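Index from 1, following the sequence. Counting starts at 1 for both ligands and their atoms, in listed order. Here the structure is a predicted model, which is why all the values come from computation and not from measurement.
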Amino acid sequence: MVRPLLLKPQWMNGLSERLLVSHYVNNYGGALRRLNAIRARLAALDWMSTPTFEINGLKREELIAMGSVILHEIYFDSLGGYGSKPPTGLEEPTAKLARALERDFGSLTAWRAEFTAMAKALAGGSGWVILAWSERFGRLINHWAADHAHNLPGAAPILALDMYEHAYHLDFGARASAYVDQAMANLNWERIGARYRLAIGEDAEEGDLFLPYGAPPQQEAKISVEELKAALEDNDRRPVLLDLCLPGDLARRTDMLAGATLHAPDALPRWIEALPRDRPIAVYCICGFQVSGTAVNKLRERGYNARAVIGGITAWHAIGGATVPLNTSTYEEETS
Ligand SMILES: [Fe+2]
């Protein structure tokens, strides 16, 4: 299943929405779709009669796709602001991780110098730079990964920096070094710190850290894009689709799910009347943050069977979901 973006792509520090969303949808989403396709092929394989080259090829591709999915999830989780706020570029590692970095690298500055130098050394090539906890060596290690399947055995990645050209080319051209500095100014140390505590076997007390900001936490108030896709293909379970978009965000939109109706969140008193009480309602926004989250809470308080689509239309794109051009004819003009 696709993991939603936790970062708000429209207001990162010097990394454009176009770059981040393209990376998430095409490269992360692409790896996930490839993995699912490979898994389906493997599940149908007759192990006794399949030629060895086919087994080798599929298992190799499966490992690469699994590595790509996991590393991209760590990468995107590691970036972003705090709550509804954009990253300032001045955030520091949380106390426990800071002490561990000082212990293992001498100082935070020394860790950062090594990590960024390693990333910049991959300019013009590809691969990952990974900060990982190694149980065997009892320390944090910065290690290089030549590809998605290359890692330090037994080590748990805490932070992964994508050095494939697709991670920066749209914004930085060949200036990989500028990308590295910019990515480092967008780190969400709370989530990286939680990942470290999990790696060393502690309770990360992660709470809402790994939930999109403003999304409803309770299971029954949300629906994954995979569940939504299946529900839309089943006439008996087909939900009413509601597309909510802030007026200022309309310019960021080009498409919508087929059959959805576009509304302004603030105009809820006007559009709520048209909603059926006897059918499930799936509400989505761009990334599944507070726009759909707030509306779903309000709808549920009023007794509607509404769910927020996890990850919004961006996650829908990442699973390769079909869309139609945005239809703004139902959108409310000025509501205040
Ligand atoms: Fe990537």
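The residues Asp77 and Arg3 are annotated as salt-bridged, a charged nitrogen and a carboxylate oxygen being separated by less than 4.0 angstrom.
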Side-chain polar contacts of residues 30-38 - donor-acceptor pairs under 3.5 angstrom, sequence neighbours left out - could you list them?
residue : atom : partner : partner atom : Å
Arg33   : NH1  : Ala318  : O            : 2.5
Asn36   : ND2  : Leu32   : O            : 3.4

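Judged purely by distance below 3.5 Å, without hydrogens or angles, the side chains of Thr50 and Asp46 never pair a donor atom with an acceptor atom.
Trp144 has its ring centre less than 6.0 Å from the ring centre of His150. Checked against the 6.0 Å centroid criterion, the rings of His72 and His23 qualify as a close aromatic pair.
Protein N/O/S atoms closer than 2.8 Å to the Fe ion (ligand 1), listed by chain and residue number, are His23 NE2, His72 NE2, Asp162 OD2, His166 NE2.
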(request) Check step by step if side chain to side chain donor-acceptor pair (under 3.5 Å) holds for Glu273 and Trp271. (result) CA-CA 5 Å; Glu273 295 306 323; Trp271 50 256; over 6 Å; no

